[in-house]
Amino acid sequence: MEGVDKEKVQKVIYEMSKGSKYFENEQRKEALTKQKIEHLRAQCAALTDNDISHFQKAAEKKMLELEASRDLSKIWLHTDMDAFYAAIETLEDPSLKGKPLAVGSMSMIATASYEARKFGVRAAMPGFIGCKLCPGLVFVRPNFERYTHYSELTRKVFQRYDPNFIATSLDEAYLNITNVCIERSITGEEVATELRTAIHQETGLTCSAGVAPNRMIAKVCSDINKPNGQFILPNDREAVLTFVSTLPIRKIGGIGKVTEQMLRQVLGISTCQEMLQKAAFLCALFSEGSADFFLSVGLGLGGTETPEQRQRKSISCERTFTATNDSSLLFEKLANLAENLAGDLQKEGLRGKTLTLKLKTADFEVRTRAVTTRGFINSKEDILIYATKLLKAEMPLSLRLMGLRMSQLHDEKDDSSTSTQKTLDIFFRSSNNASTGQQDFFVHDESIFIPEQRNLVNYSNEGVLSNPVIGDGLGGVSLDDVMNTEKLDDLSVLTSPEATASSCKPGQQLWIDGYICSICGFELPPGFEEERQEHSDFHLAESLQQEETVDSKRTISNESRLAERPCSSTPTPKKKLKSSKEGKHIPIDAFFTKCNKNL
Ligand code: DCP
Ligand code: CA
Ligand code: CA
């Protein structure tokens, strides 16, 4: 965004979005953040000298521990395709070359070419605002099959350098190139050059790369010389510390707008290194996991081991459309979704048992409703039967988004039936299928718990999670491992006074299966890093608000609302949770508006 007249861009965005629901929500979010900041400031002011020296000691101990875990023996490379969708569209239609291009529609832009970015046009911006900023802006509708095809081509190249490469989105991957460097006695820089050349040869597209001793830093590095560039940070402690000494915290995956504002406005932290200078305060004000994360950022630490591969846990699709209450139109869209989902399941040879319907109302309220079927299904017809029942139960309503997800998957190639039977007991039964005379499925209104299984998430807004796993396809990492991982995109940096941290960590938000928010069930593919951060930030702000009333020796407020929060690591079976209609729901409109890429 260098060279962009930011003030002008902001003014246009402000003028054009003023009064919209999106705008109102942005304002709500801002107000919430402000409140959090005030609260943290008050907490900070209440710290006694004794408190501070206590936390200083704790912080120093923690930093020593973290330092001891530093591993400089691995070389990680992160690649990120340049203007991915836009570059592909230009490749397919060379007449677009050099033009300011937006992939998306008037309601939402998925990405913009670098020519368009000069005008301030960017991903997640409504197209009509893009037009205002850049009058000659050319629009192309997204073509996801195309993007998947090119993504596969890039992955074939990644495979040659690291068979266990970690793809975090269609256009991004982490490669452990330690072995390649050793075996061929070449440097990380040479590997990066070679790999980028190979990707260009195979796809005609350019990418950028970062090489560093850990994934967290490698990702930051891949952005430094973007587009079509690379940056190498040597495996040297001093080099890493120097690098982070001036690195703005916002560059770190996992530190979004809200976290950035809080750290800057409350503690005056704007670079990673300043985390270390304010270590005592970080430990005093934030939960242990969050403080560990902040300190590891300050030390330039990140994930170095390749996580175990995890199985795919669910498949989903969703569509955004102009809000409508026309039921025949809605059922038609549902049928399309069912067909899509069935196609995807069949392509992968999978069947599933739990079907979740996701709805976003015209007012941006998000609801999820799920059923668990007796047998595994993957046909359009079967899916549609259950999806229709779920949707009917919600009617009438006006919707702007519908999605279907199938989880509890069973691979047809794999005979070992998953322990589905036991899971059935814990679902409460649907009353509305009594008419069939037999229980062919169970409706679980909002939430499902599967003890000993980590693959299902609670979709209520109350933040219950059976066995917290930070997931993004990088392998299950428990929250306690947070400091050893760079799962920054996934980590909601949560503040949590001691009182809340002991038995449970309310509000800790994770990306289940790499894309499902553990708190509200919203799905965001791994490519949407910014949106993920924003989403995490949102929950962070929310949890802070809840914490305001938690009784803690460090907090100024006394009344604990914790009890209201069904927060437990051993979930209670047969627990009927409030539907989102009755309970509070999370006002994440803006976020949903921003990330809807299904145009
Ligand atoms: N994407 C999207 N909606 C967003 C962000 C991204 O649909 N809000 C899609 C379009 C992008 C692709 O994901 O082309 C990759 O996202 P990136 O954030 O990596 O952006 P680009 O690859 O487009 O550009 P850059 O060169 O900055 O990486
Ligand atoms: Ca990307
Ligand atoms: Ca990219």
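When a residue number appears, it is its place in the shown sequence, counting from 1. Atoms within each ligand, like the ligands themselves, are counted from 1 in listed order. Computed over heavy atoms, backbone and side chain alike; hydrogens, waters and symmetry mates excluded. Nothing here was measured: the structure is a model prediction, and the numbers come from that model.
Close contacts between ligand 1 and Tyr114 involve ligand atoms 25 (P), 26 (O), 27 (O) [criterion: under 4.0 Å to a heavy atom]. Within ligand 1, the atoms closer than 4.0 Å to a non-hydrogen atom of Phe84 are 14 (O), 21 (P), 22 (O), 23 (O), numbered from 1 in the order shown. Below 4.0 Å from some heavy atom of Asp171 lie the following atoms of ligand 1, by number and element: 15 (C), 19 (O), 22 (O). Numbered from 1 in the order shown, with element, the atoms of ligand 1 that lie under 4.0 Å from a heavy atom of Ala123 read 4 (C), 5 (C), 8 (N).
Ranked by closest heavy atom to atom 23 (O) of ligand 1, the top entry among Thr111, Thr206, Leu205 is Thr111. Proximity annotation for atom 5 (C) of ligand 1: of Ala83, Ala86, Ala110, Ala110 comes nearest, heavy atoms only. In this structure, of Met81, Arg117, Met108, the residue bringing a heavy atom nearest to atom 24 (O) of ligand 1 is Arg117.
Residue Asp82 places no N or O, backbone or side chain, under 3.5 Å from any N or O of ligand 1.
Not close to ligand 1: Pro227, with no non-hydrogen atom less than 4.0 angstrom away. In this structure, Tyr147 does not count as a contact residue of ligand 1, since none of its heavy atoms falls inside 4.0 Å of the ligand.
Remark: Arg400 qualifies as a cation-pi partner of Phe364 under the 6.0 Å distance and 45° angle criteria applied to the six-membered ring.
Side-chain atoms of Tyr147 come within 3.5 Å of backbone N or O of Asn143 as a donor-acceptor pair.
Thr187 and Glu190 share a donor-acceptor pair across their side chains, judged by distance under 3.5 Å alone. Side-chain atoms of Thr306 and Arg215 form no donor-acceptor pair, as typed in the model, at a separation below 3.5 Å. Counted by atom type alone, Gln230 and Thr193 present one or more donor-acceptor pairs between their side chains at under 3.5 Å.
For the atom pair Leu359 CG and Thr368 OG1, the distance stands at 8.5 Å (nearest 0.5 Å). Here the CG atom belonging to Leu233 is positioned 9.0 Å from the CG atom belonging to Asn214, to the nearest 0.5 angstrom.
Here Lys29 pairs with Glu26 in a salt bridge; the nearest charged N to carboxylate O distance falls below 4.0 Å. Ion pairing between a basic and an acidic side chain is recognised when a charged N comes within 4.0 Å of a carboxylate O; Arg367 and Glu365 show such pairing. Of the charged side-chain nitrogens involved, none lies within less than 4.0 Å of a carboxylate oxygen, so that Glu318 and Lys360 do not count as a salt-bridged pair.
Annotation for Lys132: atom NZ does not count as buried by contact number, only 12 or fewer foreign heavy atoms lying within 6.0 Å.
Inside a sphere of radius 3.0 Å centred on the Ca ion (ligand 3), the protein N/O/S atoms present are Asp80 OD1, Met81 O, Asp171 OD2.
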